[in-house]
Number of protein chains: 2
Amino acid sequence: MTNYFSSDFKLGVLGGGQLGRMLLAETQKFDIYTAILDSSPEAPCAHICEEFHLGDLMNFDDVYNFGKRVDVLTIEIEHVNIAALYKLEEEGLKIYPQPKVIETIQHKGRQKDFFVNHNIPTSPHHRFESKDSLVNAFEQELFQLPFVWKSAQFGYDGTGVKIVKTQGDIQQLEDTDCIVEQLIPFKNELAVIVARNMDGDVKTYPVVEMEFHPEANQVEYVICPARIDEKVALLARETALKVAEAFKHVGLLAVEMFQTSDDRILVNEIAPRTHNSGHYSIEASYTNQFEQHLRTVLNLPLGNTDSKLAGIMVNLVGEEGYTGNVCYKNIESILKIEGVTPHIYGKKITKPFRKMGHVTVVNKDISKARAIAQQVKETIRVISNE
Amino acid sequence: MTNYFSSDFKLGVLGGGQLGRMLLAETQKFDIYTAILDSSPEAPCAHICEEFHLGDLMNFDDVYNFGKRVDVLTIEIEHVNIAALYKLEEEGLKIYPQPKVIETIQHKGRQKDFFVNHNIPTSPHHRFESKDSLVNAFEQELFQLPFVWKSAQFGYDGTGVKIVKTQGDIQQLEDTDCIVEQLIPFKNELAVIVARNMDGDVKTYPVVEMEFHPEANQVEYVICPARIDEKVALLARETALKVAEAFKHVGLLAVEMFQTSDDRILVNEIAPRTHNSGHYSIEASYTNQFEQHLRTVLNLPLGNTDSKLAGIMVNLVGEEGYTGNVCYKNIESILKIEGVTPHIYGKKITKPFRKMGHVTVVNKDISKARAIAQQVKETIRVISNE
């Protein structure tokens, strides 16, 4: 077994945003030397890692050259140059999750096809390479209004996703590689994080429930455990496990799902990494998702995924109408509430809907936690101070 | 209220060891820009803080010049140049804990006198400025064998403390400023951490019990909560609170105490900072001691000091007979046990009894936690790999 701790071993991470930053808290706890690649000198990780490299994650040379400097390579974002990863893998570098998995997941059309090919329940879909071919298919009544449109690549946090209700909405769509999905009426949006290491040891975190902002298509609260039937929870965990096993995935895999009105589970989207839906775990779980990610990519034994307490995460996004140097208004007020922990991602500039941080609420009683989460949401404001 | 979060505000910390390193995890969580002063370019904080300065903590100019660069100054070790702190304070810098408090505590003779002057229960003692004056007093039967000898300054982790049993032992003592204490038979060694901010808001953490290694004078396990009577626990918390209030201390104050055979509480020693006896709080408490320290020195509301679960800390010290590049043998075995979290301090070189890290065990059941802690202690080995 490699000696990772306080040694010459070097972990490389593609991406230096907030997920990388929270991962650094764990590499520091274990004293694992970590190098980060990101295109911004002001990235949240830039000043707090052992080694920071400037470079474009989509550029072959930048990713390849960075990979040559490290012993194991992982990601905090899936939008990375795949050709460079394949070349590095061929040359013997350990890359987790595997390039093949990242390649499949970074394209929503390929992702959906993978689900279908592996009998993973998901909503019916069609793939199109342009707006013209989408319009043609619509005119031939291959699918009906209303439907969900998703850009095949580079969408995140609700960008690249549209609910299309009218012919007029169709005209507004971007001309790009995309998928169209049937609009499924659902009771709940759920997520399960799966951890799997090289030895094939695998564990799932409890099912979480995602409450969305009624207007913006962004998650407002993540609630753990989801307030659903035990039977549905079990099915959700089994489904997530099935996805991870189908990929023989190494790393964390976040599986977002719909609970339909008739209590079926449909996989919506997956992410091959630590995930917003797992942030609650820092305060609420025995092993948080960032430590668990480290354990998976270093092939260490997996930690306990159970919770110490109920946990709710509140996303902190920039308020509409404010762009500039960030100010977290009333943060002192929320610090007065017991069981409340703010996480500030280190972004100096706020913009409307930009993810600037999150707040975790833990409590023995989940309904108390939910009430406090609402209080937090209504109190703190992410604005600019000019 | 100052805007500390993602702003131009700069926190300065004197000392860049493991306590500083664990504090950095919290400044990063809150995105509070932090500068560190330490004399070693290989200090545990050196590569993971926003700003690192090389300098001698006992040197006036090094401390003074560092202080001029920051907005609030705090410490992770009390052995710092006090004259520089007084000068900075006079010039308007906010320093927590206050220089006056640090000055009193950094000298064990002054510390004991302070307890006596403030009616804080402590074991009887004598102060001596040299070995000669100690020997004279002994010959005049001012105190008897056996007794406890403590160097007045710069002792830590059991260094600078001796149990003196024979005349021969007296001859071995160092010729230095010291104190002599009556040897008190005690049932338990306990500790309480007090958090107090500028507004005078104050909270105590639960009482912990310290189990010492039978030979080395080092803490082996810290157990929270202490397995003692509720009445004794209450008295210990009240006593700790009394010490903090007597100092009008701002920051964390760790109060080490003896529980005597007749259930009195005697204050042994205090430290004006985060403390080894509070490391369990990272995994077990609602608000860990490092976040709490930040809250106190920034005059933010104090967090909940209650525990989520029982917590036990196991110190990881270098094994006798090994000096060189560190290797944490069998760390994979302990990672298999549920509720076990290693913290590795980032010191490349191990030496006998050097504090290299700690392991926290959390469990709903304190006796299970204690059994696991023993298993951890018996499994992991801190050795060199050559």
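Each chain gets a letter, A, B and so on, in the order the sequences are listed, and its residues count up from 1.
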Spell out the residues in residues 367-375 of chain A that have some non-hydrogen atom less than 4.5 Å away from a non-hydrogen atom of chain B, in order of number; otherwise answer 'none'. none
Can you check whether anything in residues 334-351 of chain B gets within less than 4.5 Å of chain A, heavy-atom wise, and list it by number? B:Leu335, B:Lys336, B:Glu338, B:Gly339, B:Val340, B:Thr341, B:Pro342, B:His343, B:Ile344, B:Gly346, B:Lys347, B:Lys348
Show the nearest heavy-atom pair for residues A:Tyr328 and B:Asn3, with the distance to one decimal. N-OD1, 4.4 Å
Taking atom NE2 of A:His47 and atom SG of B:Cys49, what is their separation to the nearest 0.5 Å? 12.0 Å
From the list A:Ile282, A:Ile331, A:Asp201, A:Thr287, the residue making the most non-hydrogen contacts under 4.5 Å with chain B is A:Ile331
Residues in residues 24-36 of chain B near chain A [non-hydrogen atoms, under 4.5 Å]: B:Gln28, B:Lys29, B:Phe30, B:Asp31
The reported gap from CD in B:Glu283 to CD in A:Glu283 (rounded to nearest 0.5 angstrom) is 12.0 Å
CE of B:Met356 to CZ of A:Phe5: how many Å apart, nearest 0.5 Å? 13.5 Å
Heavy-atom contact with chain B under 4.5 Å, split by part of A:Cys327: both
Using only non-hydrogen atoms and a strict under-4.5 angstrom cutoff, which residues of residues 308-316 of chain B touch chain A? B:Lys308, B:Leu309
Most chain B-contacting option - heavy-atom pairs closer than 4.5 Å, from A:Arg21, A:Glu50, A:Lys329: A:Arg21
Can you say whether A:Glu51 sits under 4.5 Å from chain B via the side chain, the backbone, both, or neither, judging by heavy atoms? neither
